[in-house]
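Data block below; observations after.
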Amino acid sequence: MPGSAKTGRTNNQMKKPIFICGEEAAAMIDNGATVATIGMTLVSAAETILKAIEKRFLETGVPNNLTVVHSCGQSDRDRGVQHFAHEGMLKKIIGGHWGLQPRIMDLIAQNKILAYNVPQGQFAQLFRSMAGGEPGKITKVGLGTFMDPRIDGGKMNEITKAEPDINDILMIDGEEYMRYRPIPLDFCIIRGTYIDENGNLSTDEEAMVLEVLSAVLACKKFGGKVIAQAKYKVKAETLHCKKVTVPGIFIDAAVICPNPEEDHRQTHSFYFDPAYCGDIKTPIEQGDALPISVRKVIGRRALLEVCEDDILNVGTGIPNDVIGAIIAEEGVTEDVTLTVESGIYGGVPLGGVDFGIAKNQFALLRHDDQFDFYNGVGVDVTFMGAGQMDRQGNVNATRLGPNPTGAGGFIDITTNAKHVVFCSTFTAKGLVCSFENNQLKINKEGSVLKFVNQLQQISYNGDISRKKGQKMSYITERAVFELRLDGLVLTEIAPGIDLQTQILDLMEYQPMICPNLKIMKSELFHVDKPFGLKGFLKKK
């Protein structure tokens with residue numbers, strides 16, 4: 001049978017990737033290329049490949065002038081896309097979040113690279129739109145926020161403001177929509193667990209499913225090349241067909257990680273734990289209960305907004321650090337369903353540098369599919385961190401001080417959630433509290449005010465929220481606010497707190513005060529036992 005003049009393969013042979021080392025993979029990357037990397041925190045980071053690219057640049061000065069594209073925050077403050085954080089190597093970054101990427105944030109803040117932010121869920125689904133040849137991702141997510149091209153257009157520093165927009169406004173049936181435009185890709189770097197001799201890749205031991213296939217197909221749509229890192233190479237046709245995440249015909253080159261404990265970690269904190277990829281379920285021990293803290297008190301009060309059978313979402317910061325743990329401690333895991341933007345349903349999520357993974361989850365969806373739920377039906381309650389709030393109920397959670405952290409999934413999820421619950425300390429930088437006799441005591445006040453007249457960035461638009469009837473609460477350790485039709489209203493204060501000196505005097509504006517101002521439940525401040533959440537859960 002004659003072979004193909006282009007490939008040298010016979011007509012019944014499938015395309016197979018070449019198996020190479022990390023250095024050879026790095027040599028494939030051209031100067032000026034646009035490179036997509038798929039991962040979240042350190043989960044699924046192709047460290048062998050990324051380290052080799054960085055090493056090549058530091059030794060030779062190439063590849064340079066790269067554009068790096070990523071939907072999620074992809075680092076643990078040291079690894080992941082931090083390997084691109086060098087002047088000259090990186091020209092532009094189009095990303096979802098940089099909170100765990102200090103060197104990237106420094107380059108953005110110092111105007112040394114161009115930087116665009118795209119909401120994480122829209123980005124994950126933009127890959128899907130690109131793969132299908134669509135003209136971009138069309139959505140209402142981002143309207144009225146700093147993503148809106150009439151405000152900042154997602155441009156994160158001064159030098160980017162002079163550059164072309166990567167999104168625009170469309171009118172469809174008399175309504176405004178945003179369009180996030182396609183980004184042509186030259187390379188896509190992915191990671192999996194097993195790869196067979198034909199290049200078929202599985203993600204069995206990965207702690208997230210992510211949008212791997214969508215990104216691969218988007219890259220192929222633009223004629224780009226796909227480079228995969230895997231932990232194990234196995235014999236051809238030994239992978240179950242339903243476990244193949246990416247067929248080998250779409251992979252151009254594959255690298256088997258030579259040092260998995262260092263460069264193919266399941267997440268930052270550990271090399272591999274079967275509980276986080278769903279292989280086993282582990283018992284929840286009483287010793288796992290969180291000690292009392294300001295964050296725990298905020299989380300406890302936030303959970304009073306929940307009804308039985310609610311589907312919940314937790315964002316980074318205070319919510320992810322405490323909400324899941326409190327639900328487990330209070331014994332209500334069967335009464336509500338906890339989800340995380342990475343695709344998690346149920347279980348106990350981790351936080352910090354391990355955000356986005358959980359043990360004992362009962363389902364783990366693709367990243368882009370998860371945002372179909374958040375952007376469509378919308379969760380019943382989402383718990384989000386926050387940094388600033390103004391008198392109109394606008395919230396900034398994406399840029400605090402010089403650090404351009406970016407939106408992550410914040411804008412996606414808060415746009416369509418039925419109830420948005422912001423979780424925040426009342427002041428920042430230096431706040432110290434204690435708990436005595438089921439009351440709150442402020443030992444040292446924070447030096448940074450959070451209730452301000454002028455936000456650094458609009459991450460959540462209070463006016464749009466009111467117009468569509470969305471419920472919004474803003475919960476701190478000492479005060480609870482609600483956004484109502486006539487504006488922001490103070491509804492509760494903590495026992496032991498003085499309204500004037502410890503709340504109103506620490507705000508740049510005067511909020512409306514509910515005539516029936518309540519005292520927060522004393523049970524929230526219990527030090528050494530659960531506070532009885534099950535008895536407080538509302539009925540739908």
Side-chain angles (χ1 to χ4, degrees), residues 37-45 50 68-85 90 93-110 113 115-124 142 145-147 152 154-157 160 207-208 210 267-269 295 313-323 340-342 349-357 367 382-388 395-414 422-425 428-429 448 450 455-460:
T37 64
I38 306 303
M40 186 171 177
T41 56
L42 200 65
V43 175
S44 292
L50 299 181
V68 170
V69 175
H70 63 101
S71 68
C72 315
Q74 292 180 19
S75 183
D76 60 351
R77 297 192 178 94
D78 184 52
R79 293 172 282 193
V81 296
Q82 289 271 86
H83 292 298
F84 294 99
L90 187 59
I93 194 162
I94 308 174
H97 193 260
W98 302 291
L100 292 175
Q101 299 164 42
R103 296 196 297 276
I104 294 288
M105 286 194 292
D106 286 345
L107 290 175
I108 296 171
Q110 295 168 22
I113 60 172
Y116 293 87
N117 191 206
V118 175
Q120 179 177 320
Q122 302 311 300
F123 214 144
T145 74
F146 76 99
M147 295 293 171
D152 292 321
K155 298 175 181 180
M156 299 300 287
N157 57 16
T160 310
M208 302 177 195
L210 297 170
T267 187
H268 166 86
S269 296
R295 299 166 81 84
N313 162 266
V314 290
T316 57
I318 291 175
N320 193 254
D321 289 348
V322 302
I323 294 293
V340 182
E341 62 205 50
S342 54
L350 289 187
V353 291
D354 296 315
F355 173 75
I357 70 171
H367 186 209
T382 181
F383 302 95
M384 288 287 177
Q388 296 176 317
V395 174
N396 170 28
T398 51
R399 184 168 196 138
L400 303 172
N403 294 330
T405 57
F410 178 98
I411 296 176
D412 299 273
I413 301 165
T414 59
F422 292 109
C423 301
S424 170
T425 56
K429 199 173 183 181
V448 176
K450 292 193 171 185
L455 304 184
Q456 282 188 275
Q457 243 176 15
I458 298 176
S459 318
Y460 175 86

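FYI, the numbering just counts along the sequence from 1.
Here the shortest heavy-atom pairing between Gly401 and Gln456 reads N-OE1, 2.7 Å. Ala397 and Ala386 make their closest contact through CB-CA, 4.0 Å (heavy atoms, listed as atom of the first residue, atom of the second, distance). Closest non-hydrogen pair, Pro404 versus Met156, comes out as CB-CE, 3.7 Å. Here the shortest heavy-atom pairing between Gln388 and Leu400 reads CG-CD2, 4.4 Å. Nearest heavy atom pair, residue Thr405 against residue Arg399, reads OG1-N, 4.1 Å. Minimum interatomic distance between Gln101 and Gly73 (heavy atoms only, all atoms of both residues): NE2-CA, 3.5 Å.
Judged by distance alone, the side chain of Arg103 and the main-chain N or O of Asp78 form a donor-acceptor pair under 3.5 Å. A donor-acceptor pair under 3.5 Å links the side-chain atoms of Asn117 to the main chain of Gly95, judged by distance alone. At distances below 3.5 Å, at least one donor-acceptor pair connects side-chain atoms of Asn157 with backbone N or O atoms of Ile108. Listed for the Thr398 side chain is no donor-acceptor partner under 3.5 Å among the backbone atoms of Ser459. Although no hydrogens or angles enter the test, the distance criterion places no donor-acceptor pair under 3.5 Å between the side chain of Glu341 and the main chain of Gly121. Side-chain N or O atoms of Gln74 include none that pairs as donor or acceptor with a backbone N or O of Val81 at under 3.5 Å. For the pair Ser71 (side chain) and Ala124 (backbone), a donor-acceptor distance under 3.5 Å is absent.
We find the CD1-CG distance between Ile413 and Asn313 to be 4.0 Å, quoted to the nearest 0.5 Å. Atom CZ of Phe410 is separated from atom CG of Asn396 by 8.0 Å, given to the nearest 0.5 angstrom. Rounded to the nearest 0.5 Å, atoms CD1 (Ile318) and CZ (Arg295) are 4.5 Å apart. In this structure, CD1 on Ile113 lies 5.5 Å from CD1 on Ile93, to the nearest 0.5 angstrom.
Annotation: side chain of Phe84 is in contact with side chain of Leu50 (closest heavy-atom distance under 4.5 Å). At a threshold of 4.5 Å between non-hydrogen side-chain atoms, the residues Leu90 and Ile104 count as touching. Within the 4.5 Å cutoff, the side chain of Thr41 has no heavy atoms near those of the Val353 side chain. Side-chain contact check for Tyr116 versus Lys155: some heavy-atom pair is nearer than 4.5 Å. Between Phe355 and Val340 the shortest side-chain heavy-atom distance falls below 4.5 Å.
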Verdict with reasoning, Arg77 to His268, per side-chain contact (heavy atoms from CB on, under 4.5 Å): CA-CA 10 Å; Arg77 297 192 178 94; His268 166 86; over 6 Å; no

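Of the residues Asp321, Thr267, Ile357, the one that meets the side chain to side chain contact (heavy atoms under 4.5 Å, CB included) test with Leu350 is Ile357. Of the candidates Gln82, Met40, His70, His97, Ser75 forms a side chain to side chain contact (heavy atoms under 4.5 Å, CB included) with just one, namely Gln82.
A donor-acceptor contact under 3.5 angstrom links the side chains of Gln122 and Asp412, judged on distance only.
Applying the side-chain contact (heavy atoms from CB on, under 4.5 Å) test to Asp152 and every residue at least two apart in sequence or in another chain returns Phe146, Gln457. For Arg79, the salt bridge (charged side-chain N to carboxylate O under 4.0 Å, His left out) criterion is met by Asp76, Glu262, not counting sequence neighbours.
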